[in-house]
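Below is one structure, written out as structure tokens; the observations come after it.
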Amino acid sequence: MNSQQDTIYAAATDKISDFQFDNRVAGVFNDMIRRSVPGYAQIISTIGDFADRYVTPKSNIYDLGSSLGSATLSIRRQIEQRQCRIIAVDNSESMIERCQENLSAYVSDTEVELICGDIRDIDITNASMVVLNFTLQFLPVHDRDELIAKIYQGLLPGGILVISEKLRFEDNVIQTLLDEQHLDFKRANGYSELEISQKRSALENVMRPDSLSMHQQRFTENGFSHSTVWFQCFNFASMVAIK
Ligand SMILES: C[S@@+](CC[C@H](N)C(=O)[O-])C[C@H]1O[C@@H](n2cnc3c(N)ncnc32)[C@H](O)[C@@H]1O
Ligand SMILES: O=C(O)C(=O)C[C@]1(C(=O)O)C=C[C@@H](O)C=C1
């Protein structure tokens with residue numbers, strides 16, 4: 001998957017506007033997410049492994065907030081000949097256009113329906129797998145519960161939900177420790193102090209991480225029988241919940 005280097009926050013700006021998944025971000029997103037999220041490549045490849053285990057023939061798979069299609073591609077590679085349909089949804093036109101190009105670069109017998117729309121407006125039916133890979137954190141907090149309830153309703157018995165998120169910690173000492181580790185990860189990946197602080201300001205109003213206990217409570221209250229964190233690096237985690 002091609003990507004330009006992310007230099008979006010490299011130059012000093014007087015007024016930082018809220019972060020948006022616009023054309024500029026879509027053009028560098030592959031580089032941005034790999035250099036910003038520890039474990040991203042591992043999470044993408046494991047989503048494919050989960051698909052191999054959980055996706056049942058003739059079912060639907062939903063990739064909600066699909067961006068450039070990395071999770072969709074990882075899933076699609078693992079589910080050949082199961083006559084499934086992947087529904088990939090994103091409300092950024094630029095992401096959808098680039099995702100279409102990325103999907104077209106590979107052949108597969110699995111149909112992918114790409115929808116440019118809001119994940120809150122999508123019907124979920126006959127699903128053996130739903131993926132929210134770093135997307136839920138961008139929804140208004142009061143809409144998160146309803147989305148998880150809708151996903152639970154649309155999942156088949158034994159179906160799997162994979163949610164990856166940045167986490168917030170109630171213990172301030174832990175919050176500071178893991179936040180600092182994450183900043184060191186970004187520095188080691190070539191981001192300057194200016195880039196880090198300007199991006200942080202841009203994300204402040206748009207990305208609101210939940211605590212792990214909040215996620216767990218949401219899974220339980222919405223009926224999921226089993227859930228766990230299967231991956232964590234610093235303040236980034238990926239969870240599974242099984243119906
Ligand atoms: C951090 S990115 C997701 C990364 C992607 N899942 C991956 O694995 O590479 C979040 C994506 O969610 C999309 N998004 C945010 N809120 C959305 C909403 N309400 N409906 C649809 N897409 C949304 C953004 O446009 C963005 O592409
Ligand atoms: O916390 C950060 O600095 C991040 O960049 C995180 C994060 C994310 O978790 O989705 C935020 C926005 C970009 O989409 C890529 C990564």
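In each ligand, atom 1 is the first atom listed, and ligand 1 is the first ligand listed. FYI, side chains are in, hydrogens and waters are out, and symmetry mates aren't considered; it's all heavy atoms of this structure. Not measured: the values here are computed from a predicted model.
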Open item on the list: Could you measure the distance from the OH atom of Tyr40 to the SG atom of Cys233? Nearest 0.5 Å is fine.
Closed with: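 Interatomic distance, Tyr40 OH to Cys233 SG, rounded to 0.5 Å: 15.5 Å.
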
Open item on the list: Nearest 0.5 Å, please: how far is NE2 in His182 from OG in Ser36?
Closed with: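 Here the rounded value is 6.0 Å.
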
Task: Hphob cluster co-occupancy, Leu212 + Phe231, side-chain heavy atoms under 4.5 angstrom - done: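 No, Leu212 does not connect to Phe231 through the hydrophobic network.
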
Open item on the list: Hydrophobic clusters here meaning ILVMFWY residues chained together by side-chain heavy-atom distances under 4.5 Å, can you tell me if Phe21 and Phe134 are in one?
Closed with: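 Yes; tracing contacts between hydrophobic side chains, which count when under 4.5 Å, links both residues.
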
Open item on the list: With side chain to side chain contact (heavy atoms under 4.5 Å, CB included) as the criterion, how do Glu165 and Met214 come out once you've worked through the C-alpha distance, each side chain's angles and the decisive distance to 0.1 Å?
Closed with: CA-CA 12 Å; Glu165 292 270 289; Met214 185 71 239; over 6 Å; no

Task: Contact with ligand 1 for Ala26, non-hydrogen, under 4.0 angstrom - done: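 No, Ala26 has no heavy atom closer than 4.0 Å to ligand 1.
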
TODO: Please state whether Ile44 comes within less than 4.0 angstrom of ligand 1, counting heavy atoms only.
DONE: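 Yes.
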
Task: Pairing of Lys199 and Asp6 as salt bridge, 4.0 angstrom limit - done: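 No salt bridge links Lys199 with Asp6.
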
Task: Ionic contact status for Arg120 with Asp118, cut-off 4.0 Å - done: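 Here Asp118 pairs with Arg120 in a salt bridge, since their nearest N and O are under 4.0 Å apart.
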
What protein heavy atom is closest to [atom], reported as residue, atom name and distance in Å?
| atom | answer |
| --- | --- |
| atom 14 (O) of ligand 2 | Phe29 CE1, 3.3 Å |
| atom 8 (O) of ligand 1 | Asn133 ND2, 2.9 Å |
| atom 20 (N) of ligand 1 | Ile119 N, 3.0 Å |
| atom 5 (C) of ligand 1 | Gly65 O, 3.4 Å |
| atom 1 (O) of ligand 2 | Lys166 NZ, 2.6 Å |
| atom 4 (C) of ligand 1 | Ser67 OG, 3.3 Å |
| atom 16 (C) of ligand 2 | Val37 CG2, 3.7 Å |
| atom 15 (C) of ligand 2 | Lys199 NZ, 3.6 Å |
| atom 19 (N) of ligand 1 | Asp118 OD1, 3.2 Å |
| atom 7 (C) of ligand 1 | Tyr40 OH, 3.4 Å |

Can you name the atoms of ligand 2, numbered from 1 with element, that are less than 4.0 Å from a heavy atom of [X]?
| X | result |
| --- | --- |
| Phe21 | 14 (O) |
| Phe236 | 9 (O) |
| Ser36 | 5 (O) |

Heavy-atom nearest option to [atom], drawn from [options]:
| atom | options | answer |
| --- | --- | --- |
| atom 8 (C) of ligand 2 | His182, Lys186, Gln137, Glu195 | Gln137 |
| atom 18 (C) of ligand 1 | Asn91, Ile122, Ile33 | Asn91 |
| atom 25 (O) of ligand 1 | Asp90, Val206, Ile115, Asp63 | Asp90 |

- [ ] Determine whether the side chain, the backbone, both or neither of Ile196 has a heavy atom under 4.0 Å from any heavy atom of ligand 2.
- [x]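 Under 4.0 Å from ligand 2, Ile196 contributes no heavy atoms.
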
- [ ] Check Met207 against ligand 2 and report side chain, backbone, both or neither, counting heavy atoms closer than 4.0 Å.
- [x]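 Met207 to ligand 2: side-chain contact only, backbone stays beyond 4.0 Å.
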
Counting both backbone and side chain atoms, is some N or O of [X] under 3.5 Å from an N or O of ligand 1?
| X | answer |
| --- | --- |
| Ser70 | no |
| Phe138 | no |
| Phe134 | no |

What atoms of ligand 1 come closer than 4.0 angstrom to any heavy atom of [X]?
| X | value |
| --- | --- |
| Gly117 | 20 (N), 21 (C) |
| Ser92 | 25 (O) |
| Met95 | 27 (O) |

Task: Within-4.5 Å side-chain heavy-atom neighbours: Leu203 and Phe138 - done: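 When only atoms from C-beta onward are counted, Phe138 and Leu203 do touch, with a gap below 4.5 Å.
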
Task: Proximity of Leu139 to ligand 1 by residue part, where a heavy atom lies under 4.0 Å - done: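 It is the side chain that touches ligand 1; the backbone stays farther off.
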
Open item on the list: Parallel, tilted or perpendicular, judged at 30° and 60°: which one describes the rings of Phe19 and Tyr9?
Closed with: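 Answer is parallel, since the angle falls under 30°.
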
Open item on the list: Can you confirm whether more than 12 heavy atoms, excluding those of Arg187, are under 6.0 Å from its CZ atom?
Closed with: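 Yes, CZ of Arg187 has more than 12 neighbouring heavy atoms, counting only those of other groups under 6.0 Å.
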
Answer yes if the side chains of [X] and [Y] hold a donor-acceptor pair under 3.5 Å, and no otherwise.
| X | Y | result |
| --- | --- | --- |
| Ser92 | Ser94 | no |
| Arg34 | Asn30 | yes |
| Thr46 | Gln42 | yes |

Task: Distance-minimising heavy-atom pair for Leu136 and Leu147 - done: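 Shortest heavy-atom contact: CD1-CD2, 3.8 Å.
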
Open item on the list: Show the nearest heavy-atom pair for residues Ala237 and Val229, with the distance to one decimal.
Closed with: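 What the structure gives for the nearest pair is CB-CG1, 4.3 Å.
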
Task: Residue pairs, two or more places apart or on separate chains, that pass salt bridge (charged side-chain N to carboxylate O under 4.0 Å, His left out) and touch residues 73-97 - done: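 Matches after skipping sequence neighbours: Asp52-Arg82, Arg85-Glu111, Arg85-Glu113.
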
